[in-house]
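These notes concern the structure reproduced below.
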2 protein chains.
Amino acid sequence: MTTRTRAPDAGSLPLDQIIAGDCIDVMNALPECSVDLIFADPPYNLQLKGALHRPDNSEVDAVTDDWDQFASFAAYDRFTREWLAAARRILKPNGAIWVIGSYHNIFRVGASLQDAGYWILNDVVWRKSNPMPNFRGKRLTNAHETMIWASKAEGAKYTFNYEALKALNEGLQMRSDWVIPICTGHERLKNEKGDKAHPTQKPEALLHRVLLGTTNEGDVVLDPFFGTGTTGAVAKMLGRHYIGIEREADYRKVAEKRLAKVRKLDKSALEITTSKRAEPRVPFGQLVERGLLRPGEVLVNQRGQAAKVRVDGSLVSAEHRGSIHQVGALLEGAPSCNGWTYWQFKRDGQLIPIDILRQQIRTEMGKHG
Amino acid sequence: MTTRTRAPDAGSLPLDQIIAGDCIDVMNALPECSVDLIFADPPYNLQLKGALHRPDNSEVDAVTDDWDQFASFAAYDRFTREWLAAARRILKPNGAIWVIGSYHNIFRVGASLQDAGYWILNDVVWRKSNPMPNFRGKRLTNAHETMIWASKAEGAKYTFNYEALKALNEGLQMRSDWVIPICTGHERLKNEKGDKAHPTQKPEALLHRVLLGTTNEGDVVLDPFFGTGTTGAVAKMLGRHYIGIEREADYRKVAEKRLAKVRKLDKSALEITTSKRAEPRVPFGQLVERGLLRPGEVLVNQRGQAAKVRVDGSLVSAEHRGSIHQVGALLEGAPSCNGWTYWQFKRDGQLIPIDILRQQIRTEMGKHG
DNA sequence: GTCTAATCTGAATCACGAA
DNA sequence: CTTCGTGATTCAGATTAGA
């Protein structure tokens with residue numbers, strides 16, 4: 001494995017290498033119809049303004065790198081259309097592309113994909129199990145990113161390993177929403193100073209699922225925004241060839257080092273057993289939203305004390321207000337209380353524990369909560 | 001409640017009604033800057049080809065209605081830009097919009113929203129607990145739809161009931177991924193023949209969360225693609241005004257019947273948990289004026305550092321002077337500090353947070369109007 | 001060493017009213 | 001329009017420090 005310092009001659013394919021340079025120039029120098037899959041994590045164009053502090057006054061280390069700065073939506077669109085066109089030229093007729101983004105850029109990317117002639121197969125939601133909260137309480141926690149999976153054209157015979165993904169999902173068809181933690185801990189690459197080497201390193205689990213599901217062993221996977229090489233690392237591990245393109249020398253250096261350590265897995269090791277998930281948490285408010293309890297309805301405890309359900313899923317008793325757990329604890333003078341087993345509601349003259357309703361919701365959610 | 005057969009005169013706002021007609025014409029006839037929220041479920045432009053059968057050979061009842069047919073992406077974009085512009089004109093400056101869609105149309109809608117000057121606040125994923133499987137095994141189960149929440153412009157003061165949504169999620173910040181079942185069972189409206197009255201009826205739980213989180217009681221909510229009136233039903237229940245626009249007489253008829261049955265929830269059920277931000281401001285000096293704290297009295301922080309209260313409500317420590325917030329920030333070397341939660345005073349040997357005194361004043365203010 | 005508590009951090013379009 | 005002061009606001013998980 002070596003890093004090339006200039007684009008390769010047309011006709012040859014620089015397998016398992018990182019190529020230095022602008023991805024549009026480099027892709028334009030590669031032979032057409034030669035690549036099986038492209039995975040792209042382009043700049044998101046975040047348009048951040050001032051600094052942001054956590055409630056404890058620490059400062060959030062935001063993405064303020066030059067490569068994420070664009071003068072306007074029009075400039076971002078131009079850039080997007082150019083790299084998407086270059087990518088489409090080098091894709092084999094039955095090749096496919098994945099692009100990941102957030103609400104800042106993904107709508108522009110998706111529209112440009114369609115305009116360029118790609119055919120969208122699915123959009124996939126990466127649901128983060130541990131996202132950064134919204135510290136100021138001004139919006140919803142931005143807890144997901146979106147990936148678009150598209151074939152080169154309508155009617156193309158793209159690769160889809162249906163059974164492999166089904167096995168990965170405990171025998172159930174793989175859905176379009178994937179729960180995966182963000183990249184932290186040992187997996188997160190550090191530079192010499194001990195800081196994160198790249199501000200937006202993606203988890204290997206994400207690429208694992210993408211490559212397992214939409215490429216075959218020996219396929220060529222190209223990543224035009226290679227960064228620290230997650231795509232290459234997972235490709236190598238899974239026995240796929242990779243081609244990385246990266247402008248920044250610092251990122252290339254980290255990626256080279258990373259890739260040198262990766263070994264291809266043997267087939268038996270690729271089969272993973274997934275641990276059984278804990279029962280999904282059901283917020284009490286969902287019973288109200290779903291009409292299982294009416295706002296204004298009265299719950300009672302064992303001693304006959306009553307509390308009224310409010311429209312936001314909080315309770316009000318004669319003296320207290322709060323969650324089902326808080327009001328229960330206050331009525332009992334206890335430090336805590338499991339509201340699910342504490343409260344009952346009335347149906348047809350019968351008192352029924354509200355936990356019955358939670359079980360009902362969990363059944364509906366199946367394994368996908 | 002009556003159905004109007006033509007657009008209303010400019011200047012008047014037809015509250016709690018369903019208006020017959022094309023949504024662009026009708027919106028253009030409404031007064032500008034008059035609506036608090038728009039919820040839109042536009043045609044998805046599904047581009048379905050042949051019939052689809054389940055493994056048991058039964059046929060899937062697909063969306064093949066005329067209103068979902070567009071000649072091209074360009075035609076769909078034209079339509080989208082027009083209704084988004086009409087919608088933006090009638091929005092109040094601090095109004096907001098929600099649009100729901102799937103990967104077929106949502107990228108075009110999102111890009112058009114941004115181009116029209118709307119400012120995206122979040123994209124929200126509706127994760128279906130019970131989606132239709134992919135019968136052919138050719139793609140991932142399409143298990144979600146995407147909603148975009150956007151303000152009329154960057155910097156606008158949109159409505160966001162942070163604490164109410166947090167309560168609905170049992171005390172945790174509401175995330176951008178919502179697990180809600182699709183609309184089935186008794187909630188799913190049927191026509192005279194017993195078939196579903198509308199092919200894409202949305203669940204009330206979805207609208208419950210949207211309206212609770214981003215409107216206030218008495219707000220005006222407009223739905224330009226009203227269908228069978230889910231937006232109106234939830235709005236009425238939650239004490240919001242609705243305006244529905246719908247072209248198809250069959251849908252209007254079903255919606256009229258549905259809305260006639262809906263009752264507004266009673267006042268106590270409608271109360272939501274509110275943010276401290278909404279509470280009246282209490283200057284620290286009032287504690288001194290009212291004799292809750294004596295001038296000369298000493299406050300201490302967690303680390304035992306002291307500061308003396310002066311007659312004008314300012315503090316003096318060994319090295320700093322200023323407001324409770326300024327002295328706290330200086331002692332911590334922090335960019336800011338909430339003095340109310342930072343300082344404590346002593347009573348009967350006990351250390352008590354000064355915020356208790358502010359709450360006391362607020363309670364008194366409440367009693368006196 | 002072992003268990004517990006404190007600390008740190010992640011693609012973030014993150015305040016607002018008075019003067 | 002800008003400037004200024006008040007004061008509201010976080011979840012999961014990994015790592016480090018302490019008992």
Side-chain angles (χ1 to χ4, degrees), chain A residues 41-65 67-70 73 76 100-106 126 128-146 179 181-188 190 194-196 198-203 225 227 281, chain B residues 114 118-123 149-151 154-158 160 162-163 166 169 171-176 274-285 313-314 322-326 328-329 334-343 354-355 358:
Chain A
D41 183 9
Y44 287 9
N45 188 24
L46 289 185
Q47 311 175 66
L48 303 178
K49 302 291 187 314
L52 175 66
H53 292 87
R54 298 188 179 80
D56 66 2
N57 272 323
S58 64
E59 188 170 339
V60 174
D61 183 17
V63 178
T64 53
D65 305 72
W67 50 253
D68 199 45
Q69 308 302 321
F70 293 85
F73 280 134
Y76 187 79
I100 184 167
S102 67
Y103 67 83
H104 309 83
N105 71 323
I106 198 64
W126 168 27
K128 303 177 184 183
S129 57
N130 49 350
M132 187 173 358
N134 184 293
F135 297 117
R136 307 304 287 264
K138 303 306 292 179
R139 302 182 179 189
L140 302 162
T141 307
N142 193 7
H144 75 276
E145 294 187 22
T146 301
V179 183
I182 60 174
C183 183
T184 60
H186 289 113
E187 191 185 324
R188 189 81 195 218
K190 306 284 192 295
D195 299 325
K196 58 188 175 193
H198 193 283
T200 72
Q201 187 183 338
K202 296 294 176 289
F225 307 97
R281 199 176 64 88
Chain B
Q114 291 178 314
Y118 291 95
W119 191 247
I120 297 181
L121 300 168
N122 276 116
D123 60 338
W149 174 38
S151 61
E154 184 180 0
K157 296 190 186 75
Y158 54 92
F160 182 52
Y162 175 73
E163 292 292 344
K166 195 173 169 180
N169 194 30
L172 288 181
Q173 216 172 58
M174 183 66 79
R175 299 166 41 113
S176 57
T274 53
S275 156
K276 279 185 203 162
R277 247 187 285 266
E279 307 264 349
R281 200 179 74 89
V282 177
F284 177 71
S314 62
S323 72
I324 52 171
H325 314 294
Q326 289 166 338
S336 70
C337 170
N338 183 347
W340 289 107
T341 55
Y342 183 78
W343 294 107
I354 60 173
D355 208 26
R358 181 170 64 161

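Numbered from 1 within each chain, the chains take letters A, B, ... in sequence-line order.
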- [ ] Take atom NZ of A:Lys49 and atom P of C:dC14, then tell me their distance rounded to the nearest Å.
- [x] 7 Å

TODO: Using the heavy-atom set of chain A and a strict 4.0 Å cut-off, write down the first and last nucleotide of DNA chain D that makes it in, 5' to 3'.
DONE: D:dG7 to D:dT15

Open item on the list: Distance check, C1' atoms only: D:dT6 and C:dA11, in whole angstrom units.
Closed with: 31 Å

Task: Presence of A:Asn142 side-chain N/O under 4.0 Å of C:dT13 phosphate oxygens OP1/OP2 - done: yes

Task: Torsion-based syn/anti label for C:dT13, 90° from 0 as limit - done: syn

Task: C:dT7 and D:dT10, which share atom name C1', separated by this distance in whole Å - done: 14 Å

Open item on the list: Quick check on the 6.0 Å ring-centre criterion: do B:Trp343 and B:Phe284 meet it?
Closed with: no

Open item on the list: What's A:Lys202 touching, base or sugar-phosphate or nothing? Going by heavy atoms closer than 4.0 Å.
Closed with: base

- [ ] Answer with base, sugar-phosphate or nothing: what part of the nucleic acid does A:Asp41 contact at a heavy-atom distance below 4.0 Å?
- [x] base

TODO: Specify the separation, in whole Å, of atom CZ of A:Arg188 and atom P of C:dT9.
DONE: 12 Å

- [ ] Using whole Å, report how far CH2 of B:Trp119 lies from P of C:dA12.
- [x] 15 Å

Open item on the list: The test is side-chain contact (heavy atoms from CB on, under 4.5 Å); show your working for A:Trp126 and A:Lys202 and say whether it passes.
Closed with: CA-CA 11 Å; A:Trp126 168 27; A:Lys202 296 294 176 289; 3.9 Å; yes

TODO: Give one of base, sugar-phosphate or nothing for B:Leu172, where a contact means two heavy atoms less than 4.0 Å apart.
DONE: sugar-phosphate

Open item on the list: Whether the A:His104 and A:Ser102 side chains hold a donor-acceptor pair (N or O, under 3.5 Å, no angle test) is what I'd like checked.
Closed with: yes

Task: Residues in side-chain hydrogen bond (donor to acceptor under 3.5 Å, both in side chains) contact with A:Gln47, at least two apart in sequence or another chain - done: none

- [ ] Would you mind checking if B:Lys276 and B:Glu163 are paired as a salt bridge, meaning a charged N to carboxylate O distance below 4.0 Å?
- [x] no

TODO: Find the distance A:Phe135:CZ to C:dT9:P and express it as a whole number of Å.
DONE: 12 Å

Task: Interatomic distance, A:Ile106 CD1 vs C:dT13 C1' [rounded to whole Å] - done: 16 Å

Contacts table for residues 135-143 of chain A: side-chain donor-acceptor under 3.5 angstrom, sequence neighbours left out:
unit_1, atom_1, unit_2, atom_2, d
A:Arg139, NH1, A:Tyr103, OH, 3.2
A:Arg139, NH1, B:Leu121, O, 3.1
A:Thr141, OG1, B:Gln173, OE1, 2.7
A:Thr141, OG1, B:Met174, O, 3.4

Open item on the list: With a sphere of 6.0 Å drawn around NZ of A:Lys49, does it hold more than 12 non-hydrogen atoms of other residues, nucleotides or ligands?
Closed with: yes

Open item on the list: Working to the nearest 0.5 angstrom, can you tell me the gap between B:Thr341 OG1 and B:His325 NE2?
Closed with: 9.5 Å

TODO: Under 4.0 Å between any heavy atoms, over every strand shown, what does A:Asn45 touch: base, sugar-phosphate, or nothing? Just pick one.
DONE: nothing

TODO: With side-chain contact (heavy atoms from CB on, under 4.5 Å) as the test, would you mind laying out the steps for A:Lys128 and A:Glu145 before giving the verdict?
DONE: CA-CA 8 Å; A:Lys128 303 177 184 183; A:Glu145 294 187 22; 2.8 Å; yes

Open item on the list: By the 4.0 Å heavy-atom rule, please label B:Gly339 as base, sugar-phosphate, or nothing.
Closed with: nothing

Open item on the list: Quick check on DNA chain D: between A:Arg54 and B:Phe284, whose nearest nucleotide comes earlier from the 5' end?
Closed with: B:Phe284

Open item on the list: Using only atom types and a distance under 3.5 Å, with no angle test, would you say the side chain of B:Glu279 pairs donor to acceptor with the backbone of B:Ser275?
Closed with: no

Open item on the list: Could you measure the distance from the OG1 atom of A:Thr200 to the CZ atom of A:Phe225? Nearest 0.5 Å is fine.
Closed with: 11.5 Å

Task: Contact nearer the 5' end of DNA chain C, comparing A:Phe73 with A:Lys196 - done: A:Lys196

- [ ] Select base, sugar-phosphate, or nothing to describe what B:Cys337 touches, counting heavy atoms under 4.0 Å on all strands.
- [x] base

Open item on the list: Heavy atoms only, 4.0 Å cut-off, all strands: where does A:Ser129 land among base, sugar-phosphate and nothing?
Closed with: sugar-phosphate

Open item on the list: Between P on C:dA12 and NE2 on A:His104, what's the gap in Å once rounded to a whole number?
Closed with: 8 Å

Task: Stem regions touching DNA chain D, defined by at least 3 consecutive Watson-Crick or wobble G-U pairs below 3.5 angstrom - done: C:2-10 with D:11-19, C:15-19 with D:2-6

TODO: Answer with base, sugar-phosphate or nothing: what part of the nucleic acid does A:Ser102 contact at a heavy-atom distance below 4.0 Å?
DONE: nothing

Open item on the list: So B:Ser275, base contact, sugar-phosphate only, or nothing? Heavy-atom distance under 4.0 Å.
Closed with: sugar-phosphate

Open item on the list: Output the rounded distance in Å from NE2 (A:His53) to C1' (C:dC8).
Closed with: 15 Å

Open item on the list: Mind checking if B:Pro335 touches a base, just sugar-phosphate, or nothing, with heavy atoms under 4.0 Å?
Closed with: nothing

Open item on the list: Quick check on the 6.0 Å ring-centre criterion: do B:Tyr158 and B:Trp149 meet it?
Closed with: yes

TODO: Have a look at A:Glu145 and say if it touches a base, only the backbone sugar-phosphate, or nothing, with a 4.0 Å heavy-atom cut-off.
DONE: base

- [ ] For B:Glu163, report the nucleic acid contact type (base, sugar-phosphate, nothing); a contact means any heavy atom under 4.0 Å.
- [x] sugar-phosphate

Task: Integer angstrom distance from the P of D:dA12 to that of C:dC14 - done: 23 Å

Task: Atom of B:Gly328, atom of B:Tyr342 and distance for their closest heavy-atom approach - done: CA-CE2, 3.6 Å

- [ ] Let me know the distance between CG of A:Leu48 and P of C:dG10, rounded to the nearest Å.
- [x] 14 Å

Open item on the list: What's the gap between D:dA8 and C:dA18 when it is taken at their P atoms, as a whole Å value?
Closed with: 16 Å

- [ ] Check every strand shown and say whether A:Pro181 touches a base, only sugar-phosphate, or nothing at a heavy-atom separation below 4.0 Å.
- [x] nothing

Open item on the list: Mind checking if B:Arg358 touches a base, just sugar-phosphate, or nothing, with heavy atoms under 4.0 Å?
Closed with: sugar-phosphate

- [ ] For A:Asp61, enumerate each residue passing the salt bridge (Lys or Arg N to Asp or Glu O under 4.0 Å) test, keeping only those at least two apart in sequence or located in another chain.
- [x] A:Lys196

Give me the distances for all protein-to-nucleotides 15-18 of chain C N/O pairs that come in under 3.5 Å?
unit_1, atom_1, unit_2, atom_2, d
C:dA15, OP2, A:Arg136, NH1, 3.3
C:dA15, O3', A:Lys138, NZ, 3.2
C:dC16, OP1, A:Lys138, NZ, 2.9

Open item on the list: On DNA chain C, compare the nucleotides closest to A:Gln47 and A:Ser58; which residue's is nearer the 5' end?
Closed with: A:Ser58

Open item on the list: If you go through the side-chain atoms of A:Lys128, does one of them form a donor-acceptor pair with the base of C:dA11 closer than 3.5 Å?
Closed with: no

